[in-house]
Amino acid sequence: MLHLADLPVLVLIALVAVFTLWALIDCVRTPRERVRFLPKLLWLLILLHGSVCAALLWTYFGKKPTADTPKGPIRRIEPSLRSSGSPLEVWGRWVRKA
C-alpha cells in the first residue's frame, strides 16, 4: 500500500525516468555529425544501461552545439551590386532599380 510519504520518491523516480527517456530519444534523433567523443551506438548503449548520470553526460558532452547562426535579419545583396565598379557606379545602379 502506498503512503503519502512515498509520493516525493515516486515523483523523483518519474522525473528521472522521463529525463533518461528524453536523452535516449534525443540521442537517436541526433545526426551522426553532431555526436562527439564517442560513436553514436556507444552513446545509445550507455544511455540504455546507465541512469540519470548517463543522461546528464549525454546532455552536456554527447552532442555538438548547433551551428552559430547570425543574429538579426539576413541582408541579401543583389547580383548586380556584386559586380566590379566604383562605389558611385554601384550606387547609381542601385538607385535606378529602386
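- A donor-acceptor pair is defined here as one N or O able to donate and one able to accept, closer than 3.5 Å; no such pair exists between the side chain of K40 and the backbone of V35.
- One distance of note links CZ of R32 with CH2 of W43; it measures 15.5 Å at 0.5 Å rounding.
- Here K64 contributes atom NZ and T30 contributes atom OG1; the two are 12.0 Å apart, rounded to the nearest 0.5 Å.
- Closest approach of R34 to P65, counting heavy atoms only: NH2-C, 3.9 Å.
- Distance CG/L38 to CG/L45: 10.5 Å, rounded to 0.5 Å.
- By the criterion of side-chain heavy atoms lying less than 4.5 angstrom apart, applied directly or through intervening Ile, Leu, Val, Met, Phe, Trp or Tyr residues, L41 is not grouped with L48; the two fall into different hydrophobic clusters.
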Check residues 5-26 and write down every donor-acceptor pair under 3.5 Å in which the side-chain atom is one partner and the other belongs to a residue at least two apart or another chain.
{"from": "D6", "atom 1": "OD2", "to": "H3", "atom 2": "N", "distance (Å)": "3.3"}
{"from": "T20", "atom 1": "OG1", "to": "V16", "atom 2": "O", "distance (Å)": "2.8"}
{"from": "D26", "atom 1": "OD1", "to": "K63", "atom 2": "NZ", "distance (Å)": "3.1"}
{"from": "D26", "atom 1": "OD2", "to": "W58", "atom 2": "NE1", "distance (Å)": "3.0"}
{"from": "D26", "atom 1": "OD2", "to": "K63", "atom 2": "NZ", "distance (Å)": "2.9"}

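- Taking CG of L44 as the reference point, atom SG of C27 lies at 4.0 Å (rounded to 0.5 Å).
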